[in-house]
Amino acid sequence: MKQSDIVTTLIIVVVIFSILLILGVRKSYKLKKENEALNNMDTEMPDEEAAYKDFTDGHMYDNN
């Protein structure tokens, strides 16, 4: 192998790994932004009186 062949091969390998590194950093940044958005969502429970309504008082359960 000539020296130019070795240099060309190394350049190709460096370019491929650079692309993979850039894609990984980009994906990590997107996941971090999505995680922050999910953490900022409103996760509080609704009011106590609106939280649960007893559905067993209907005619199907013979509780008349």
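If you read the sequence from its start, that first residue is 1, and numbering goes on from there.
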CA sep, side-chain torsions, deciding dist, call: Gln3, Ile6, side-chain contact (heavy atoms from CB on, under 4.5 Å):
CA-CA 5 Å; Gln3 186 177 359; Ile6 294 173; 5.6 Å; no
Main chain of Gly24, side chain of Ser28: is a donor-acceptor contact present, judged purely on distance under 3.5 Å?
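Flag not set: sc Ser28 to bb Gly24 has no pair under 3.5 Å.
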Whether the side chain of Asn40 engages the backbone of Glu36 through a donor-acceptor N/O pair (distance < 3.5 Å, no angle test) should be reported.
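Checking the backbone N and O of Glu36 against the side chain of Asn40, a donor-acceptor pair under 3.5 Å is found.
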Review item, side-chain donor-acceptor pairs of residues 9-21, under 3.5 Å, at least two apart:
{"unit_1": "Thr9", "atom_1": "OG1", "unit_2": "Asp5", "atom_2": "O", "d": "2.8"}
{"unit_1": "Ser18", "atom_1": "OG", "unit_2": "Val14", "atom_2": "O", "d": "2.7"}

CG on Asn35 to NZ on Lys30, rounded to 0.5 Å
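It comes to 15.5 Å.
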